[in-house]
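Residues: numbered from 1 along the sequence shown.
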Amino acid sequence: MDNTALTALQYGFDTFYFLICGALVMWMAAGFAMLESGLVRAKNTTEILTKNVALYAVASVMYLVIGYHIMYSSPEGGILPSLGFLIGDENSVDSVLAGGDDAPYYSARSDFFFQVVFAATCMSIVSGAVAERMKLWAFLAFAVVMTGFIYPVQGFWKWGSGFLNEAGFLDFAGSGVVHMAGASAALAGVLLLGARKGKYGANGQVNAIPGANLPMATLGTFILWMGWFGFNGGSQLKMSTIEDANAVAQVFVNTNMAAAGGLIVALIVARILFGKADLTMALNGALAGLVAITAEPLTPSALQATLIGGVGGALVVFAILALDKLKIDDPVGAISVHGVVGIWGLLAVCLTNSDASLGAQLLGIGSIFAWVFIASLIVWSIIKAVIGLRVTEEEEYEGVDIAECGMEAYPEFTGKK
């Protein structure tokens, strides 16, 4: 096989690999929808499903129109990205076959598709944290700004050759750029929104509000677990060489082992603390393990990945309890899973990657959190002033399904004719 044919074959293979990984990440949208709908009360199911399917569409459009350009069109680096629109031209045949280090090795459109599903994933994190009391259209208005501007700016800082990348900040697949960013936006919204009615008592007691469908939440976790193989595996960006193929395999193994470690440790910690095997903590433990390994899923051994995930599983249990003590109401534990454990994942990079430095990792954590939290707080505040963030107390009592969507997910169980 001559070099031209080999280059074309590798280009086709890497593009196919990138697209399939992107499709796996897109399927995570279903995972978030199932997880969140299982962890809220039945009267709020339709609305949270509507949020999840609508935010994916909003993210796709906003990232096409402006977000992708902001994130990847400033090769000079720095802090301020280029402002512009649309996603540019597809790679030409001549540019691919020219060879050399600068030649593209996968389709530009496959890159856009892979990146847009990451933007949607970041926004999905916000959905569960503000569940059961936020207005649907307030949430979607925020999604427009988050996916079109807030997320791409800090994404540019690392993945678009911005100042964090130049400083040596390492984040392989997005413990910070995606997960901590989503949690930071969620935290800003939750602080302005307030807790659900009845969640916290006058004397500081925390009242559990159980979800309506734990089988659905478990299915959602399995879907997310599966989708994460594309999330981390696709971030190798290439698979057509022996070295890259081995790397992708290592990433898959480490991703799986971190999830397993996170689930087992969370289950054990919950048993020690509560005397029972808490399924919701186990599910969040698996997700915490996945978030923890996302910052560096390649350099650890499989055992190290299991331990990194295990620490994430322990952290998420204590983080959920701590946020409740602070009366920060997060119905699905998203801020703990993606924020607290996202920080752990970024710090854990220093344990296995010799190129990492604690200073650069702390710079990345501080920069991403400050930008996303402050920008989100401003946007949430504007939305609150213009249309309001929260449904009325009566609408919250009746359920936001009826108030926001005019239909119920389980009408046969309500007793209404």
Side-chain angles (χ1 to χ4, degrees), residues 27-53 121 124-134 186 195-199 206-228 256 259-291 309 312-321 323-324 329-338 341 396 399-401 405 407-415:
W27 190 231
M28 291 174 71
F32 278 113
M34 297 300 97
L35 175 67
E36 294 170 20
S37 64
L39 293 179
V40 300
R41 289 166 287 184
K43 62 184 180 180
N44 300 310
T45 305
T46 299
E47 193 262 357
I48 205 161
L49 292 172
T50 304
K51 282 199 304 184
N52 274 276
V53 70
T121 298
S124 293
I125 295 165
V126 182
S127 172
V130 300
E132 300 201 296
R133 72 270 200 210
M134 177 174 276
R196 292 168 291 175
K197 297 297 181 182
K199 175 63 177 177
V206 179
N207 302 313
I209 302 178
N213 195 328
L214 291 184
M216 191 76 79
T218 304
L219 174 62
T221 302
F222 272 121
I223 292 173
L224 287 168
W225 193 328
M226 175 184 169
W228 231 288
N256 186 64
L263 190 149
I264 291 169
V265 172
L267 191 63
I268 293 171
V269 171
R271 176 66 175 81
I272 294 170
L273 295 177
F274 314 134
K276 301 291 183 182
D278 189 313
L279 174 62
T280 60
M281 288 297 184
L283 299 178
N284 275 328
L287 298 176
L290 290 162
V291 170
L315 278 175
V316 77
V317 176
F318 291 109
I320 289 171
L321 297 176
L323 288 183
D324 270 338
D329 185 15
D330 179 358
V332 304
I335 297 169
S336 300
V337 170
H338 302 276
V341 181
E396 184 178 348
V400 290
D401 282 3
C405 301
M407 64 181 69
E408 296 169 300
Y410 309 106
E412 66 272 25
F413 296 119
T414 64

Practice task
Establish, from distance only, whether the side-chain atoms of Trp228 and Asn256 form a donor-acceptor pair under 3.5 Å.
Solution key: no
Practice task
Before accepting this row, confirm whether a basic side-chain N of the pair Asp329/Arg196 lies closer than 4.0 Å to the acidic partner's carboxylate O.
Solution key: yes
Handout entry: From Lys51 atom NZ to Ser37 atom OG, the distance as rounded to the nearest 0.5 Å
Key = 11.5 Å
Exercise for the section: Taking atom CZ of Phe222 as the centre, report whether more than 12 heavy atoms of other residues, nucleotides or ligands fall under 6.0 Å from it. Expected result: no
Exercise for the section: Would you give the length of the straight line joining atom CZ of Arg271 to atom CE of Met281, rounded to the nearest 0.5 angstrom? Expected result: 15.0 Å
Exercise for the section: May I ask you to test the Leu214-Thr280 pair for a side-chain heavy-atom distance under 4.5 Å? Expected result: yes
Fill in the blank from the handout: Separation between CG (Leu35) and CG (Leu224), nearest 0.5 Å, reads 6.0 Å
Practice task
Would you check if the side chain of Asn52 reaches a backbone N or O of Ile48 as a donor-acceptor pair within less than 3.5 Å?
Solution key: yes
Handout entry: For Val53, all residues meeting side chain to side chain contact (heavy atoms under 4.5 Å, CB included), sequence neighbours excluded
Key = none
Practice task
For Asp330, check side-chain hydrogen bond (donor to acceptor under 3.5 Å, both in side chains) against everything at least two apart and list the hits.
Solution key: none
Completion exercise
Per side chain to side chain contact (heavy atoms under 4.5 Å, CB included), Val317 is matched among Val269, Ile268, Leu267 by Val269
Exercise for the section: Over 60° means perpendicular and under 30° means parallel, so classify the ring planes of Phe32 and His338, tilted if in between. Expected result: tilted
Practice task
Check step by step if side-chain contact (heavy atoms from CB on, under 4.5 Å) holds for Val400 and Thr46.
Solution key: CA-CA 8 Å; Val400 290; Thr46 299; over 6 Å; no
Handout entry: Closest non-hydrogen atom pair, Ala129 against Val332
Key = N-CG2, 4.1 Å
Handout entry: Pairing residues for Arg41 by the side-chain hydrogen bond (donor to acceptor under 3.5 Å, both in side chains) criterion, not counting sequence neighbours
Key = Glu132
